[in-house]
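Here's the structure, in structure tokens; my notes come after.
The chains referred to below are lettered A, B, ... by the order of the sequence lines, with proteins before strands, and numbering in each begins at 1. Worth saying up front: this structure is predicted, and the values here are computed from it rather than measured.
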Protein chains: 2
Amino acid sequence: MDPIDRPLTDYPRPSVAVDTAVLTVRGAELYVGLVPGRPRLPGAFLHEGETLAGAVRRSLAQKAGLEGVAPAQLHVFDALDRDSRGWVLSVAHVVVVPAESTGALELVPTSAATGLDFDHDAIVEQAARWIRDRYVDHPDPEHLLGPELTLRDLRRVHEAVHGAALQPDTFRRAMLPRLEPTGQRRRGDVGKPAQLFRRR
Amino acid sequence: MDPIDRPLTDYPRPSVAVDTAVLTVRGAELYVGLVPGRPRLPGAFLHEGETLAGAVRRSLAQKAGLEGVAPAQLHVFDALDRDSRGWVLSVAHVVVVPAESTGALELVPTSAATGLDFDHDAIVEQAARWIRDRYVDHPDPEHLLGPELTLRDLRRVHEAVHGAALQPDTFRRAMLPRLEPTGQRRRGDVGKPAQLFRRR
DNA sequence: CGAATAGTGTCTCTTAGACAATATTTA
DNA sequence: TAAATATTGTCTAAGAGACACTATTCG
């Protein structure tokens, strides 16, 4: 009999956890949310009848009061000694939320999120790389901004995600083909009012 | 007590499997290796005390006689109904081997590898995307070719991976900065002998 | 008006892509 | 010599990046 067709009960099974890097942009920096008072990302064990994304949503709802997130998978961490309590695989996830919606999490700049429990340093690093890749080609794929945005708003987000200053004129020309002008302008600030755009 | 700190025994655990797309290039096409006589990728259940990469290596050694591969993770498939035998997560992997080293696997062009068991169609698709991304910027990151190669060899590989013809001159100029000339030429074929290069 | 921000013109440099020409081998 | 392949020259078009200039608002 082919091994893959043997009954499932023949095998001891690992515990499977999810751990999630909740990312957001505030000011000019990329932040990650930690469990209040602890140097670790929010996580939970996968329950029977639940998907991985479901476990992520449950853990974020419980630990941070966050609802309606869309988790993306990063990597499975499987080092045999990664958890002193036993055999635990962790499926790392990333979730991106607007700055107002970080719930009870403690925000720390990703660059300062080191010395975390388990292999959570590596998860933060992978999550930062993941969001950087996402924002190379698209204006705001994770909806960090509301539906109407100016090029300045957008550039601030990209600068925080990218971790470097961007030239306003080059950035504008790169993003314009992917934006829809609303015909409106944002008034009230000093300076020439900026056009408002929608994501295309 | 924080849920993540409860004893592990409180939770029912899933079975965890690995399933691997073994990719290679033969002629002008990208192939994937299937279990002989079955419409599925080689796979196995994760055993206690074993890493995921270890399980991949074990399954490929057992089912195909393949040794010394370096598996890369793609994605965890976790649909609740993906396996009729019960609760099974599958961690999809990809492995790239030279055309001579495909062991006992049955090679099928990736474009023709549809209608496979479980969610293996999706794994093949992701594996093909993965290798395409790997070969965009590097001459031969997965060592599909031997240590000494001509630009023609390299272009054939890229054409197979990319699934499209490439211009010899443009390709040459794109790859040259990433290659080390050996000073040797390959003789014996018709036409001007081509320079031999090494990966830099 | 002056400061601040938005937006455009334009120049340079690099690169991709294509076509053509030259170079060197085998049969 | 003819056919085949390697390699280089060169032109064009597109795009990134930088700098300077103009436009429009608030205080």
Looking at the base of D/dT5, is there any donor atom on it, or on the side chain of B/R172, that sits under 3.5 Å from an acceptor on the other one? no
Search all heavy atoms of B/V124 against all heavy atoms of B/A113 and return the closest pair with its distance. CG1-CB, 4.3 Å
Specify the separation, in whole Å, of atom CE of A/M175 and atom P of C/dA6. 16 Å
Nearest-angstrom distance from the residue atom CG of A/D189 to P of D/dA23: 22 Å
Mutual orientation of the aromatic rings belonging to A/F77 and A/H75 [parallel < 30°, tilted 30-60°, perpendicular > 60°]: perpendicular
Please step through side chain to side chain donor-acceptor pair (under 3.5 Å) for the pair A/D121 and A/T114, ending with a clear verdict. CA-CA 6 Å; A/D121 283 14; A/T114 55; 5.2 Å; no
Is B/Q195 near enough to D/dT7 that one of its side-chain N or O atoms lies under 4.0 angstrom from OP1 or OP2? yes
Distance in angstrom units between A/F171 CZ and C/dT5 C1', rounded: 16 Å
Where each residue is assigned the nucleotide of DNA chain C containing its nearest heavy atom, which of A/F197 and B/R185 is assigned the position nearer the 5′ end? A/F197
Measure from NE2 on A/H158 to P on D/dA16 and round the result to the nearest Å. 14 Å
note: A/L196, atom CG; C/dA6, atom C1'; distance rounded to Å ~ 12 Å
Regarding C/dG7, can its base be found pairing with the side chain of A/R155 as donor and acceptor, where the two atoms are less than 3.5 Å apart? no
Return the 5'-most residue of the pair A/A194, B/G188 with respect to DNA chain C, ranking by each residue's nearest nucleotide. A/A194
I want to confirm an ordering. Mapping B/G191 and B/R173 to their closest nucleotides on DNA chain D, which one lands closer to the 5' end? B/G191
For D/dG17, take OP1 and OP2 only and decide whether either is under 4.0 Å from a side-chain N or O of A/Q167. no
CG of A/L179 versus C1' of C/dG7: gap in Å, rounded? 15 Å
Atom pair distance, as rounded to whole Å: NZ in A/K192 and P in D/dT24: 5 Å
Can we say B/D19 and B/R40 salt-bridge, meaning some charged N sits less than 4.0 Å from an Asp/Glu carboxylate O? no
Can we say B/E148 and B/R198 salt-bridge, meaning some charged N sits less than 4.0 Å from an Asp/Glu carboxylate O? yes
Quickly work out the B/Q184 CD to C/dT25 C1' distance and round it to whole Å. 17 Å
Describe the nucleic acid contact of A/R152 in one word from base, sugar-phosphate, nothing, applying a heavy-atom distance below 4.0 Å. sugar-phosphate
